[in-house]
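Working notes, beginning with the structure itself.
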2 protein chains.
Amino acid sequence: MRWSALENEACSVARTVSVIGDRWTLLILRDCFLRVRRFEDFQERLGITRPILASRLRKLVKDFVLAKVPYQERPTRYEYRLTQKGRDLYPVIMAIVHWGDIHMAGKKGRPLLHQHLACGKTFDPVMVCSGCGEPLDPRQVHVHRGPGAASPRNLPADEKKRPRLVHQR
Amino acid sequence: MRWSALENEACSVARTVSVIGDRWTLLILRDCFLRVRRFEDFQERLGITRPILASRLRKLVKDFVLAKVPYQERPTRYEYRLTQKGRDLYPVIMAIVHWGDIHMAGKKGRPLLHQHLACGKTFDPVMVCSGCGEPLDPRQVHVHRGPGAASPRNLPADEKKRPRLVHQR
DNA sequence: ACAGTGAGTTTGTTTTCAAAACCTGTCAAA
DNA sequence: TTTGACAGGTTTTGAAAACAAACTCACTGT
């Protein structure tokens with residue numbers, strides 16, 4: 001499957017992955033949320049090669065995740081800023097950060113701490129249900145076809161009547 | 001930067017990305033949360049080539065995100081199940097799904113709907129502050145060095161005293 | 001005149017990826 | 001007893017992407 005073919009899949013994960021499903025893109029976005037905005041700064045902080053950085057920024061601008069805005073003229077220089085669409089990726093980045101903090105941190109502990117200015121506390125991000133506000137457990141969630149569902153190929157496994165083997169556990 | 005070098009970065013995003021920062025891996029995990037467990041099922045649903053699927057599953061098992069458990073003998077057949085570490089990726093996947101639902105859905109609407117069994121409602125996932133329970137806005141969050149912080153290279157941009165240009169906006 | 005900066009592009013090499021075909025062990029039907 | 005099917009992979013080989021280093025361009029400041 002080609003990269004670009006993902007955009008047309010009837011799956012929100014596939015479509016999102018077609019935009020951010022690349023290790024450099026995720027690291028660039030991390031830096032965007034840390035207020036990094038300039039080509040040279042991204043390049044130095046990430047250790048990414050310049051051609052790759054240029055191509056990733058170009059793609060993020062094309063997908064309206066970042067906007068290229070001039071911050072000086074003669075010579076014109078640009079910086080890359082998150083759009084609202086880009087800022088909406090905050091839960092994705094925070095979920096990734098939190099998983100890394102819990103499961104991949106070194107002996108010294110987590111590298112960054114997050115403080116919520118609204119309440120003043122150092123916090124962890126928690127994913128909750130918009131209906132009742134309780135934290136989400138995957139086993140407490142059922143999935144149904146939505147209006148944008150396409151082929152049965154994308155249905156959850158238990159909706160496909162597949163002959164089960166006898167010897168299963 | 002090599003793929004493997006990411007694991008040793010003092011950044012939780014980089015470390016997480018070293019595990020899941022690959023488009024196929026994210027799509028495989030999506031299917032895991034939809035109760036897909038077998039090699040052939042992943043292969044058919046994703047349209048992924050067999051060698052890539054085998055290598056991704058191998059890596060996820062190595063990283064303790066999936067466990068390879070036999071479900072029959074003679075011949076021994078395995079299925080791939082999420083571990084607790086893997087289930088903890090649920091917020092990451094849900095954040096990705098939600099962003100795709102909001103920003104990348106086709107005209108027909110979102111492909112899947114999620115129902116929370118605890119409260120019965122169809123819901124959206126929301127990322128909130130563990131301290132006060134309010135939804136997170138990136139502009140309301142400040143970042144500080146944690147015990148695992150390494151070099152100043154990984155600090156937020158505004159903590160690095162860099163000479164600012166005169167002509168900035 | 002010369003060095004420096006910001007934002008890239010070019011070039012040649014190395015790595016990784018992907019498609020198709022192939023392999024292995026077991027069972028079941030012809 | 002061959003044949004075929006199924007599950008779960010591995011091998012092989014050509015294409016795509018990433019890498020490092022150098023180069024370009026349009027300025028600015030000394």
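Every chain is numbered from 1, with letters handed out A, B, ... down the list of sequences.
- Rounded to whole Å, the distance from CD1 on A:Ile52 to P on C:dT11 is 17 Å.
- Checking C:dA7, C:dG8, D:dA18 against every side-chain atom of A:Lys68, the shortest atom distance belongs to C:dG8.
- The nearest whole Å value for the distance from the CD1 atom in B:Ile48 to the P atom in D:dG8 is 15 Å.
- Set against D:dG9, D:dA20, C:dA18, the side chain of B:Trp24 has C:dA18 as its closest nucleotide.
- Distance B:Leu53 CG to D:dA7 P: 14 Å, rounded to the nearest Å.
- For the pair B:Arg38 CZ and D:dG8 P, the computed distance is 7 Å after rounding to whole Å.
- Whole-Å rounding puts the A:Leu46 CG to D:dA18 P distance at 14 Å.
- Figure legend: B:Arg38 and B:Tyr71 shown as a cation-pi pair, the cationic atom lying under 6.0 angstrom from the six-membered ring centre and within 45 degrees of its axis.
- Remark: C1' of C:dA20 and CD of B:Gln43 are 12 Å apart, rounded to the nearest angstrom.
- The shortest distance between the side-chain N/O atoms of A:Tyr71 and the OP1/OP2 oxygens of C:dA7 is below 4.0 Å.
- Note on ring orientation: taking the six-membered ring where Trp is involved, the planes of A:His144 and A:His142 are perpendicular (angle over 60°, cut-offs 30° and 60°).
- Screening A:Val19, A:Thr16, A:Leu89, A:Ile96 against B:Ile96 for a side chain to side chain contact (heavy atoms under 4.5 Å, CB included) leaves a single residue, A:Thr16.
- Side-chain atoms of B:Tyr80 lie closest to D:dG9 of the nucleotides D:dC19, D:dG9, C:dA18.
- Note on A:Arg37 versus A:Asp41: no salt bridge recorded, every NZ/NE/NH1/NH2 to OD/OE distance being 4.0 Å or above.
- The OH-P distance, from B:Tyr78 to C:dT24, rounds to 18 Å in whole Å.
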Are there any protein N/O atoms within less than 3.5 Å of an N/O atom in nucleotides 21-27 of chain D, and if so, which ones and at what distance?
unit_1, atom_1, unit_2, atom_2, d
D:dC27, O3', A:Arg74, O, 3.1

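- Note on B:Phe42: nothing from the nucleic acid sits closer than 4.0 angstrom, heavy atoms only.
- To the nearest angstrom, C1' of C:dT9 lies 14 Å from CG of A:Leu57.
- Counting only heavy atoms from C-beta on, A:Arg58 has its side chain closest to C:dT9 among C:dT9, D:dA18, D:dA7.
- Taking every side-chain heavy atom of B:Arg56 into account, C:dC17 is the closest of C:dC17, D:dT10, D:dC19.
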- Task: Apply salt bridge (Lys or Arg N to Asp or Glu O under 4.0 Å) to B:Glu79 and B:Arg77, showing your working.
- Result: CA-CA 7 Å; B:Glu79 60 185 17; B:Arg77 295 276 181 265; over 6 Å; no
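- Between A:Tyr90 and A:Phe33, the gap from one ring centroid to the other is short of 6.0 Å.
- Within the model, atoms CG of A:Leu57 and CD1 of A:Ile48 stand 7.5 Å from one another, a figure rounded to the nearest 0.5 Å.
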